[in-house]
Asks: 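Can you keep this structure in mind? I'll have questions shortly.
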Amino acid sequence: MFQEIEAKLAETVERTLREKFGLKLKVSLEQPKQSSFGELSIPIAFQLARQLRKAPRQIAEELAAPLTHVREVAAVEIAGNGYINVRLQRGAYAASLVKGSGVPREQTGSAQKIIVEHTNINPNKAAHIGHLRNAVLGDTFARMLRRRGRYVEVQNYIDNTGVQVADVVVGFHFLQKKSPVDVKAMLDDPQIRFDYFCWDLYARTSAYYGENPEALGWRAETLHAIEADEGDLAELGHIVADAIVQAHLKTMYRLGIEYDLLPRESEILHLQFWATAFELLKERKAIYFEEAGKNKGCWVMPASAFRSTAQDSDEGAESEEDSKVIVRSNGTVTYVGKDIAYQLWKFGLLGKDFFYRRWSQYPDGHEVWVTTDQPSPNESPAFGRGAKVFNVIDSRQSYLQDVVVAGLRALNFPEQADASVHFSYEMVALTPRTCLEMGIALSEEDKRRAYVEVSGRKGLGVKADDLIDKLIETALAEVEDRHPQADPQERRTVAEQIAVGALRYFMLKFTRNSVIAFDFHEALSFEGETGPYAQYAAVRAEQILRQYVERGGVMPDFEKVLTQEVLDRHLETEDLWQLLWLASKADSAVERAISSGEPAHVAKYAFQLAQEFNAFYHDYRVIGEKNTERQAVLLWLTRYAREQLLGTFQVLGIDQPPYM
RNA sequence: GGGGGCGUAGCUCAGUUGGAUAGAGCAUCAGCCUUCUAAGCUGAGGGUCACAGGUUCGAUCCCUGUCGCCCCUACCA
């Protein structure tokens, strides 16, 4: 409803501009700084002032006149030097919401597929909080797109043949002398938390390399075996990667995060995606063979392809220094090269496809598929062939992502290059205080920093499952305290919902390019701008509606009782109108978050709506209201605000507990 | 050296293509629970939007410079 009005007003002004001034302009509306100025504001007169050589106020007046004829508009005022402020017919606006609520939203998307790739954790150890930020951001963004009717495919890329997996295999085979049978037995041992075991083993192996550099030969040997897919080392690689992927999926599912497809590096290798891409790159001259210099014998992409500022240096030699090696002099391909091939596949440009098989099924029936290199008898859904691709990858890799996009452009796929989005985000670090709490030794210099970077190689960091467990534990203590008589199993569920709400909100409240300095104290807080705060507001709303009925109240037939005239009368109360107005903007918040690429905007909106509802809760007694007409308004408003809040929760991946 | 990001209240952060009196949360202080659950509500204090120029009717936002912090800049993935 909000967006319809907004569009209608913009169109009206645009039409006036065309007819009166002969101008073709896109008009945008904004929220007035103060609610007393009205519901919507149009600042267009300012930017026209110079062009038309007229006072903004005069222009505003000419544009304002036709707006008064729009049915939903109550009044139009010129304020300040030339703002056009619009006040809406509150009753009419509310009445259409009364009628419309409960009706499914119309789809605004197209059939074009949007691929969102996120999580992408190396399958060699337990997930940590940095991975959570990635997954929560990606998952929320996918939910936002789906809410607005877009067709989304969620992929979680698995690098099961890389150095990180190899290092854990080295740990098992060379350091621990374990056979594939031994390691398989570990998977069945309930005493062993395999992903945690690998976390430590990975750190130990890395440390061993530090003391015994010659051991790096084991890594090379293992990588070679994994690539050839032969022998115990390769088998260990499969066992480790598959088990860890399973662990990651389980961890993410605790937060409600699901995937559609797990594309794996091993298939990219075995199906020779790179060979195909290599031919294409050579054929279209996107890369060239370096004959001399430090990159002699390599296939490289010139720096000019991905450096926008390369033109101001006219020394050709300098740019060669910056060019990116795609194929090493020993003939092996770099990660970026493979990534270009993979990105081509995502757009359906490679001319090759994976084979697929089911990996597992979520409790809700949704299936996850994985790539294979062998045809399978079962039909699989059609994967890939996206029209737009969002790669959720941390900002440290922006250089490599630039190279991938440049590769597409150099291959003469400008459309797909433009449709490749590096959905980047800053890392999650730890506050010095949290490091000390965890027993991580810090230098004096680090202690003075705002945050300290974690290191998976050293085994330093907060494991995702540990954090979730700790959040549940904290929430459970509070729930038990507040509801000593409630069913223990239900309390556990409530605590889990609160923990997930707290964690997801925490990961989303910061904008993407802000480094999160993770602090246990802050993350375990359930007060103020947190998920549980918002959940609490929803619980309160439900409480009102439930208890109203439990105490013998009959839910009014809102459509009949709440006529435009009735609504108009009661919505003169500013608080009530403001709550309604804010609640009606849920979809707009999601749309804005999509266009700006900031899921944080939705989180912020949920908090604001919760805040507004909590104020309402405090100021108005719904059940005790004597005037039945007013009570109907309050009941409906409670229900509507709750609906809008829950809809926003869904986008954020947050549940409303039955009680708190 | 080059590329990118950041600098807003004591702390952590928002600030929607430049617009009306720069906002939250935490922390501090002062109030509010026999009422639909206080994980809440109300109020107070706290700002040279790093600094200096420029563009503009108008700059936290755009441009230039300076200072400070962070990341990237492998024939590692």
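Below, chains carry the letters A, B, ... as their sequence lines are ordered, and counting in each starts from 1.
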Asks: Start with the C-alpha gap between A/I42 and A/L63, add the side-chain angles, then the distance that decides, and say whether side chain to side chain contact (heavy atoms under 4.5 Å, CB included) holds.
Replies: CA-CA 10 Å; A/I42 308 168; A/L63 293 174; over 6 Å; no
Asks: Check whether any side-chain nitrogen or oxygen of A/Y605 sits under 4.0 Å from OP1 or OP2 of B/rA24, and answer yes or no.
Replies: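 No, outside the criterion.
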Asks: Are the side chain of A/Y505 and the backbone N or O of A/A603 linked by a donor-acceptor pair below 3.5 Å?
Replies: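 Checked: pair present.
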Asks: Quick check on B/rC72: is either OP1 or OP2 less than 4.0 Å from any side-chain nitrogen or oxygen of A/Y399?
Replies: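 For A/Y399, the contact criterion (side-chain N or O under 4.0 Å from OP1 or OP2 of B/rC72) is not met.
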Asks: Any donor-acceptor pair, under 3.5 Å, between the side chain of A/Q34 and the base of B/rU21, if you only look at N and O atoms?
Replies: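 Checked by distance alone, the answer is yes.
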Asks: Any chance CZ of A/R57 has more than 12 other-residue heavy atoms, nucleotides or ligands included, within less than 6.0 Å?
Replies: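 It does: A/R57 CZ has more than 12 such atoms within range.
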Asks: Using a cut-off of under 3.5 Å, enumerate the N/O to N/O pairs linking the protein to nucleotides 7-13 of chain B.
Replies:
residue: B/rC13; atom: OP1; partner: A/V515; partner atom: O; Å: 3.0

Asks: As a check on the pairing definition, encode RNA chain B in dot-bracket form, counting Watson-Crick and G-U wobble pairs whose two distances are under 3.5 Å, and using | for partners outside this strand.
Replies: (((((((..((((.....[...)))).(((((.......))))).....(((((..]....))))))))))))....
Asks: I'd like to know whether NE2 of A/H224 has more than 12 heavy-atom contacts from other residues, nucleotides or ligands below 6.0 angstrom.
Replies: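 Counting neighbours around NE2 of A/H224, 12 or fewer heavy atoms of other residues, nucleotides or ligands fall under 6.0 Å, so no.
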Asks: Is A/S41 side chain donor-acceptor paired with the B/rA20 base, going by distance under 3.5 Å alone?
Replies: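 Per atom types, the contact qualifies.
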Asks: Write down the distance between CZ (A/F46) and P (B/rA59), rounded to a whole number of angstrom.
Replies: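 Taking CZ of A/F46 and P of B/rA59, I get 13 Å after rounding.
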Asks: OP1 or OP2 of B/rU35 versus the side-chain N and O atoms of A/H618: is any pair under 4.0 Å?
Replies: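 The answer is no; no side-chain N or O of A/H618 sits under 4.0 Å from OP1 or OP2.
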Asks: Examine B/rC76: is either OP1 or OP2 under 4.0 Å from a nitrogen or oxygen in the side chain of A/R328? Give yes or no.
Replies: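 Answer is yes, contact under 4.0 Å.
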Asks: Is any side-chain N or O of A/R540 under 3.5 Å from a base N or O of B/rU37, one able to act as donor and the other as acceptor?
Replies: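 In this structure, the two groups form no donor-acceptor pair.
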Asks: Could you tell me whether the side-chain ring of A/F37 sits stacked on the base of B/rA20, using a centroid cut-off under 5.5 Å and a plane angle under 30°?
Replies: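 Stacking between A/F37 and B/rA20: present.
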Asks: May I ask you to decide if the ring planes of A/F510 and A/F506 are parallel, tilted or perpendicular, using 30° and 60° as cut-offs?
Replies: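 Perpendicular.
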Asks: A/K296 has an atom NZ; how far is it from atom P of B/rC75, in whole Å?
Replies: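 Atom-to-atom, A/K296 to B/rC75, this comes out as 17 Å.
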Asks: If you take atom types as modelled and just measure distance, does the side chain of A/S329 reach the base of B/rC75 with a donor-acceptor pair under 3.5 Å?
Replies: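 When only heavy-atom distances are counted, A/S329 does reach the base of B/rC75 through a donor-acceptor pair under 3.5 Å.
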Asks: For the residue pair A/Y533 and A/F607, does the interplanar ring angle fall in the parallel (under 30°), tilted (30 to 60°) or perpendicular (over 60°) class?
Replies: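 If you compare the ring of A/Y533 with that of A/F607, the planes turn out tilted.
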Asks: Does A/K470 make a cation-pi contact with A/F520 (under 6.0 Å, within 45 degrees of the axis)?
Replies: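 Satisfied, under 6.0 Å and within 45°.
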Asks: In terms of ring plane angle, is the pair A/F141 and A/F423 parallel, tilted or perpendicular, where the classes change at 30° and 60°?
Replies: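 Geometry flag for A/F423 against A/F141: tilted rings.
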Asks: Does A/R540 make a cation-pi contact with A/Y617 (under 6.0 Å, within 45 degrees of the axis)?
Replies: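 Because its charged atom sits under 6.0 Å from the ring centre and within 45° of the axis, A/R540 does stack over A/Y617.
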Asks: Have a look at B/rC33 and give me syn or anti from its glycosidic angle (syn if within 90° of zero).
Replies: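 Here B/rC33 takes the syn form, which means its glycosidic angle is within 90° of 0.
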Asks: Please state whether the phosphate of B/rG25, meaning OP1 or OP2, lies under 4.0 angstrom from any side-chain nitrogen or oxygen of A/Q611.
Replies: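 Checking B/rG25 against A/Q611, a side-chain N or O does come within under 4.0 Å of OP1 or OP2.
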Asks: Would you say B/rA77 has OP1 or OP2 under 4.0 Å from some side-chain N or O of A/N122?
Replies: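 For B/rA77, OP1/OP2 do not have a side-chain N/O of A/N122 under 4.0 Å.
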Asks: So, A/W218 versus A/Y208, ring centres under 6.0 angstrom or not?
Replies: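 Distance test on ring centres: under 6.0 Å, yes.
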Asks: Can you find a side chain N or O atom of A/R449 that sits less than 4.0 Å from OP1 or OP2 on B/rC69?
Replies: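 It does not, given that no N or O in the side chain of A/R449 lies less than 4.0 Å from OP1 or OP2 of B/rC69.
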Asks: With nearest nucleotide decided by heavy atoms, which residue, A/R621 or A/V163, maps closer to the 5′ end of RNA chain B?
Replies: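 Here A/R621 is the residue nearer the 5' end.
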Asks: At less than 4.0 Å, is any side-chain N or O atom of A/Q47 found next to OP1 or OP2 of B/rU56? Yes or no.
Replies: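 No, outside the criterion.
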Asks: Between the base of B/rA20 and the side chain of A/N85, is there any donor-acceptor pair under 3.5 Å?
Replies: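 Such a pair exists between side chain and base.
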Asks: Relative to the 5' end of RNA chain B, which residue comes earlier, A/P32 or A/G297, by the nucleotide with the nearest heavy atom?
Replies: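 It is A/P32, whose closest nucleotide lies nearer the 5' terminus.
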